[in-house]
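Atoms within each ligand, like the ligands themselves, are counted from 1 in listed order. Basis for what follows: all heavy atoms, side chains included, without hydrogens, waters or symmetry-related copies. All values reported here derive from a predicted model rather than from experimental measurement.
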Amino acid sequence: MSATLELTAPFDGPAVALNRVPDPVFAGLMMGDGLAIEPLSGTLLAPCDGEVAQLARTGHALTLRAANGAEVLIHIGIDTVKLDGDGFRPLVRTGERVRRGQPLIEVDLDAVARRAPSLLTMVVIANGEDYAVEHKAEGMLQAGRTPLLTLSGGGNGAEDLADEGPQSRGQATVRHAGGLHARPAALVQNAARQYRASVRVEFNGQAANARSVVALMGLGVAEDDDVAVLAQGEDAAAAAAAVIAALQTRTESGHGAPATVVSAPARDLPAGWIGGVCAAPGLAIGQVVRLDAFEPALPEFAVNADEEREQLRRALAQVSSGIATAIDDALRRGQTSQSDIFSAHLALVEDPELQAAAERDIAAGHGAGHAFRQAVRTQCRVLSGLGSPLLAERATDLKDIERQVLQALLGDAQGAPELYPASILVAEDLAPSELTRLPRERVAGILSAAGGASGHVAILARALGIPALVACGPQVLRLEAGSQLLLDAGQGWCQPEPDADALATARQQMSALEQRRAAMRADADGAAVTLDGVRIEVAANIANEQDARDAVLHGADSVGLLRTEFLFIDRQHAPDRYEQANAYQAVLDELQGRAAIIRTLDVGGDKEVPYLTLPPEPNPALGLRGIRTGFAHPEMLDEQLRALLMLQPLSRLRILVPMIAEVGELRRLRRRIDELAEEMGLSERPQLGVMVEVPSAALLADQLAAEADFLSIGTNDLTQYTLAMDRCNASLAASLDALHPALLRLIAQTVAGASRHGKWVGVCGALASDPLATPVLVGLGVAELSVSPGLVPEIKARVRTLEQQGCRQRAEALLALDAAAAVRARAVEWWPLD
Ligand code: PEP
Ligand code: MG
């Protein structure tokens, strides 16, 4: 099916063909086909009805998504991003629906013309592969009146079958738990893409192109529904068979262990003590507060479906607005970990599939609460059955949403728990909102039977500085409410009913620690230089502009790792180069002259982005991830590289490439950067570094260092791949120790390989944030440690107590040990943490 869309001129002024625009990116149609206009009026008008899909922070560009799905990018002027918003006054916001002719941005034409090379405004179709520009205007145009472009294409995704070649028809019973949701739809899409024949899936009188995930999901196919499959083209029979097989696959049979399977790590602890996995280090003394599971009895059936629907709608709106307020609060306080997690929760509350599933159940006669719980649990089963522990941890978030919505429906009957002045929260598996709705000053610690160190609660606990022990096993659920506990999360234990001596010792340690921290904070801005004069760069791992500010406040010398995935996940469309460039530039600007290592997108495997529809993989950690995903989606990689090359000054940018396994990949990326930089007319190139996070990269470090500007070791993945232990599997968390001698040997080999070519090596994995590891890494010759912003003062202080020569000799001896525990024991003995 195809539709025609007419765009009207956004400004008064003459039309200019794109090939006459003095910017190779637009002139070469790299942004898409369209037309430029030399503006003579000062207000940009919407060329069609649509939704503002993206608005540049600097107000010089926006994208409108039209009803037929076309993404109309309007870029005012050339190089106007550099004006940083001067001369532009947006009148709309992202997400707002606008009408044709509605004013969108006011432009001070004189001011912009004085500071930018050109005012030419480009209107291009950013997702042009699905649309054809049928007609372009010429001559003088009148804003809001004269037709500018006519587009054809798009539609509802149910493309017509090829009208040539043999046809093949068949039936399939959809076996995916929860029906054709995103992942199963991606599996079907992937099957269809392998063939030239066009394939259509028909259900309930509707048809969807099997190559379109959105169209497939839009069919609303539920588990056990029968669908028809129709293929046409020379390989029609094979295509239909493959799509039928994909539809009939049972995704919930799953691979790998469910994330909730946990056990307390085996360790020798005194009788009655409880061991667990440290999710956030620290000491705490407090009283047990039990947060029991929320399982209210809900009426299964209801008489009036309209009333139930309305109740659910109100409950969802109440929860949404509560979360939106929490996001605003977190952003105002610069708590980005919280705001990221809440944003993900908001997306879940507003998920149309979840709501549609609940509404279907209501229509079938069920009560609102029952229907919503069913919808959530179906989705939880899908997530838990996908074989990815990180996705399975999303099930905890969904259950959190379920609890909040049910509480809203039931009038929050349960209320907040009673807290003690110092409470230690004890739960099967804590939900993020359960933690954040409690006053921080009353929560002294967290203890959970299940959970993992990479769950959202663990991330929040670290961000909030609350000692947390997870994966402790069921014995924590036997702790009595109100009883006293001594928790040493860093050491991985908790002592119920501690005696007076234990309490006195712990209190002394806690107050000494607080004093030391205050002294370290005071010295954080100075350089970290060892006693024998070796300077170690202490950098920060960050995700965004606020973290960058935080890093500077904590005295970071630079940014050692900007994980760009945070810009890409939990949204429906990839950010374009302008949005990315704005976000990265904002980070550089916050750093006040410091350098930043920005990593190219590291998605795939366990890090999902909805719009990529990566095929489900039996072993996600060993599949398409990191730079491999980039090479598989060159348009997305190019867009990010262009955004990076737009940054200023390039001398402060170091690009880092994740998951490199051999030098050919580095060469390919460098070539591409060169090509894009040439297209953009740049003479300068940023530094290019390799992440050493798979064993082959460490073993071939000399080859990589010959062509890279620096190497940065990702110990999280390097440990996972060296020890063959899933980094997200809670039952392995206690054994997954980056101080394993095998890791130390790989780090030593990496440094040796790099030094052969005079290149430096940093560590940006979590090992760099472990003060016990600081002397070991310094001894192995690591020149840069990139740590959580809050830990910069402590790691700098630690470096200043060390002598590099001594560390070197001792680190060599550590390489001969046979277990991580032995390395830790020796490190504690040689470099006590006091
Ligand atoms: C690592 O693997 O150590 C790393 C820093 O990357 P990430 O944790 O983002 O995979
Ligand atoms: Mg990694």
Side-chain angles (χ1 to χ4, degrees), residues 279 336-337 340 388-391 393 452-456 458-459 462-463 538-544 547 551 558-569 596-609 620-630 640 654-661 665 689-698 701 704 710-729 732-733 736-740 742-744 746-747 750 761-770 773 777 782 784-789 791 795:
T336 46
S337 307
D340 288 345
S388 156
L390 267 195
L391 280 179
E393 273 169 2
S454 60
H456 276 163
I459 294 170
R462 285 195 287 274
V538 180
N541 285 357
I542 65 165
N544 54 33
D547 290 352
S558 59
V559 161
L561 173 64
L562 169 66
R563 288 179 165 101
T564 55
E565 312 57 272
F566 289 88
L567 250 186
F568 290 76
I569 55 179
I597 296 181
I598 303 186
R599 180 173 75 181
T600 58
L601 191 58
D602 184 17
V603 293
D606 51 22
K607 297 169 186 156
E608 193 194 30
V609 287
L622 301 180
L624 206 59
R625 61 162 295 195
I627 192 59
R628 295 176 213 154
T629 315
Q640 184 170 41
R654 297 167 185 166
I655 297 178
L656 183 63
V657 201
M659 295 293 294
I660 289 271
E665 293 163 322
V690 165
M691 247 187 125
V692 175
E693 52 184 349
V694 297
S696 65
L704 291 167
F710 65 94
L711 305 180
S712 182
I713 303 175
T715 48
N716 306 338
D717 277 315
L718 191 58
T719 310
Q720 144 163 285
Y721 295 121
T722 303
L723 302 182
M725 288 184 187
D726 183 343
R727 64 189 268 192
C728 303
N729 187 328
L732 298 175
L736 203 73
D737 191 335
L739 277 181
H740 194 286
L743 266 293
L744 301 190
L746 289 175
I747 295 172
T750 304
V761 175
V763 171
C764 60
L767 188 65
S769 295
D770 180 351
L777 296 174
V782 168
E784 178 237 35
L785 298 169
S786 193
V787 308
S788 307
L791 286 174
I795 299 295

If you look at every heavy atom in [X] and [Y], which pair is closest and at what distance?
X      : Y      : value
Cys764 : Gly714 : SG-CA, 4.3 Å
Glu693 : Met659 : OE2-N, 2.8 Å
Ala697 : Ile660 : CB-O, 3.4 Å

Atoms of ligand 1, numbered as shown, that sit under 4.0 Å from any heavy atom of [X]:
X      : value
Gly765 : 3 (O), 5 (C)
Glu693 : 1 (C), 2 (O), 6 (O)
Arg563 : 4 (C), 5 (C), 6 (O), 7 (P), 8 (O), 9 (O)
Leu561 : 5 (C)
Gly714 : 1 (C), 2 (O), 3 (O)

Minimum-distance atom from the Mg ion (ligand 2) among N, O or S atoms of Asp717: OD2
Contact partition for Leu718 relative to ligand 1, non-hydrogen atoms under 4.0 Å: neither
Structural part of Met659 in contact with ligand 1, heavy atom criterion under 4.0 angstrom: neither
Those residues that, when tested against Phe710, pass ring-ring contact (aromatic ring centres under 6.0 Å, His included) (two or more places apart): Trp760
Are any side-chain N or O atoms of [X] and backbone N or O atoms of [Y], one a donor and one an acceptor, separated by less than 3.5 Å?
X      : Y      : answer
Arg628 : Gly623 : yes
Tyr721 : Leu622 : no
Gln640 : Leu601 : yes

Arg625/Asp717 ion pair, N-O < 4.0 Å: yes
Any Arg599 heavy atom less than 4.0 Å from ligand 1: yes
Geometric N/O contact Asp717 with ligand 1, under 3.5 angstrom: yes
Glu693 near the Mg ion (ligand 2) via N/O/S, less than 2.8 Å: yes
